[in-house]
Protein chains: 2
Amino acid sequence: MSTRKTGASQRKPNASRVQLEARIISAAEKAFALTGYSGTAMETIAEAVGISKQNLIYYFPNKETLYRRVLRKTLDMWLEKMAFTEDPDASATDIITHYIRGKLELSYENPDGSRVFAHELINGAPVLKDYLISHLKPQFEKDVALVRQWTSAGVLRDVSPEHLFFTIWAATQTYADFATQIQLLLGKKKLQKKDFEDAALFLTDMVLHGIVANSP
Amino acid sequence: MSTRKTGASQRKPNASRVQLEARIISAAEKAFALTGYSGTAMETIAEAVGISKQNLIYYFPNKETLYRRVLRKTLDMWLEKMAFTEDPDASATDIITHYIRGKLELSYENPDGSRVFAHELINGAPVLKDYLISHLKPQFEKDVALVRQWTSAGVLRDVSPEHLFFTIWAATQTYADFATQIQLLLGKKKLQKKDFEDAALFLTDMVLHGIVANSP
DNA sequence: GTCTATAGTAGGATAGAC
DNA sequence: GTCTATCCTACTATAGAC
């Protein structure tokens with residue numbers, strides 16, 4: 001049997017194919033981030049990768065499939081890093097500091113993913129809703145419960161854990177989503193690592209002073 | 001001269017025309033907020049208003065013109081309410097509290113405007129850039145200077161005024177832009193006035209404790 | 001001012017040769 | 001797997017009757 005006509009045509013994951021798909025997803029992410037779902041043409045993505053539109057469709061049969069893959073990639077990254085309750089021995093202060101810095105790092109390293117996610121949310125999360133309910137919500141509730149414990153233990157003042165998270169998310173993602181505005185107001189061509197460091201210092205400082213029970 | 005063939009055909013601002021234009025802008029705002037610029041068809045807007053697509057084009061010769069009007073309307077509202085330095089006798093605490101509540105009220109009363117603005121910013125502010133530089137930036141710099149004075153006077157701790165504003169904006173606008181996510185996590189069909197009140201209490205409390213020099 | 005008809009175009013998707 | 005050719009739909013916009 002020297003011929004390769006085996007039943008399944010996807011036998012080998014084709015290292016090169018995997019690589020090309022990764023390049024496509026990356027280019028798509030950038031495009032969707034900048035112009036949104038309907039503002040992005042398949043041809044634009046194909047051009048960015050250096051293949052024809054028709055060839056792109058060979059890899060991703062339609063636009064929505066590609067979009068879902070992009071969203072999924074970002075969300076998986078996020079949920080992995082956004083886990084709050086990891087080290088049971090760490091102090092509340094440490095955990096919160098680590099959390100804020102982690103979120104800011106994500107905004108720095110993957111701003112386009114954040115923007116695609118933002119578009120999706122503003123549009124009412126048509127494709128993400130179910131995933132948010134099944135994956136984000138349980139994690140959120142666990143983390144809220146932990147914050148509540150800290151308050152009960154007298155470590156934190158009595159603040160709303162829910163709104164604390166909303167604020168941290170908003171304040172960290174804004175450096176990715178609204179980078180244009182921030183650059184403009186800071187008079188910079190592009191946000192540098194230093195700017196994210198400043199943001200981290202400010203945010204951790206204000207949040208901790210704002211919610212820790214016996215702030216100095 | 002009983003016939004009305006006067007030179008300028010726009011003589012009377014036509015109360016009804018003004019009214020219709022307002023309805024169009026309002027419908028357009030809702031549509032752009034939900035699906036973005038390219039995701040919105042002129043026909044969709046026309047249907048929402050109850051006129052034909054072609055008739056809509058009579059009032060707004062093209063989509064971009066309409067989009068600019070929508071953006072402009074929101075921004076004018078914002079800049080008006082976002083002025084920070086108003087009452088020179090008010091205390092820092094009062095001004096900041098008032099500012100946060102004002103921004104949250106805007107998110108509550110005009111979430112669609114906020115979303116259109118968010119889309120525009122994520123997309124790199126292609127049509128808004130100049131306006132932000134000419135109108136938002138001077139206001140921002142004035143407000144930053146005032147915060148710096150408060151720090152010099154020992155009223156506030158030494159925090160970055162710039163990042164303070166970025167955080168307040170992000171944390172207040174998130175209740176409009178990402179309402180979907182927040183509703184979902186709070187388990188509500190729609191955000192109520194009460195939720196905005198909770199947000200205001202949390203935010204003012206945390207921010208003031210976080211930055212005022214001698215927080216209790 | 002409002003309608004019908006229609007031009008013009010962009011973009012998603014399929015069929016089939018190679 | 002990649003290309004050419006092509007179809008089809010959705011959309012912006014214009015021309016002209018009423």
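Lettering of chains follows the sequences in order, A, B, ..., and the numbering in each one begins at 1.
A distance of 6.0 Å or more separates the ring centres of Phe117(A) and Phe32(A). Outside the 6.0 Å centre-distance limit, the rings of Tyr175(A) and Tyr108(A) are not counted as a close aromatic pair. Here Tyr99(B) and Trp169(B) keep their ring centres 6.0 angstrom or further from each other.
Side-chain proximity of Ile57(B) to the nucleotides dG12(C), dT2(D), dA13(D) is greatest for dA13(D). With dG12(C), dC3(C), dC3(D) as the candidates, the nucleotide lying closest to the side chain of Gln54(B) is dC3(C). Ranking dA13(C), dG12(C), dG1(C) by closeness to the Asn62(A) side chain, first place goes to dA13(C). For Lys63(B), taking side-chain heavy atoms from C-beta onward, the closest of the listed nucleotides dG1(D), dA13(D), dC3(C) is dA13(D). The side chain of Tyr59(A) has dG1(D) as its nearest neighbour among dC3(C), dA13(D), dG1(D).
Across the protein-nucleic acid pair, Glu43(B) atom CD and dA13(D) atom C1' stand 13 Å apart, rounded to whole Å. What separates CG of Leu66(B) from P of dC11(D) is a distance of 16 Å, to the nearest Å. Rounded to an integer number of Å, the gap from Leu56(B) CG to dT14(D) P is 13 Å. Atom CZ of Phe32(B) and atom P of dC11(D) are 13 Å apart (whole Å). In this structure, the CD1 atom of Ile51(A) is 13 Å from the P atom of dT4(D), given to the nearest Å. Atom NZ in Lys53(A) sits roughly 14 Å away from atom P in dA5(D) (whole-Å rounding). Straight-line distance from the CG atom of Asn55(B) to the P atom of dC3(C): 5 Å, rounded to whole Å. To the nearest angstrom, P of dG12(C) lies 8 Å from CD1 of Ile45(A).
Backbone-only engagement by Thr40(A) is indicated by non-hydrogen atom pairs under 4.0 Å involving sugar-phosphate atoms exclusively.
Between Ser52(B) and dT2(C) there is no side-chain N or O to OP1 or OP2 distance below 4.0 Å. Tyr58(B) has a side-chain polar atom (N or O) that falls below the 4.0 Å cut-off from OP1 or OP2 of dG1(C).
A salt bridge is absent between Glu105(A) and Arg101(A); no separation between the charged side-chain nitrogens and carboxylate oxygens falls under 4.0 Å.
Sorted by first then second residue, the side-chain hydrogen bond (donor to acceptor under 3.5 Å, both in side chains) pairs that include residues 32-49 of chain B, not counting sequence neighbours, are Thr35(B)-Thr40(B).
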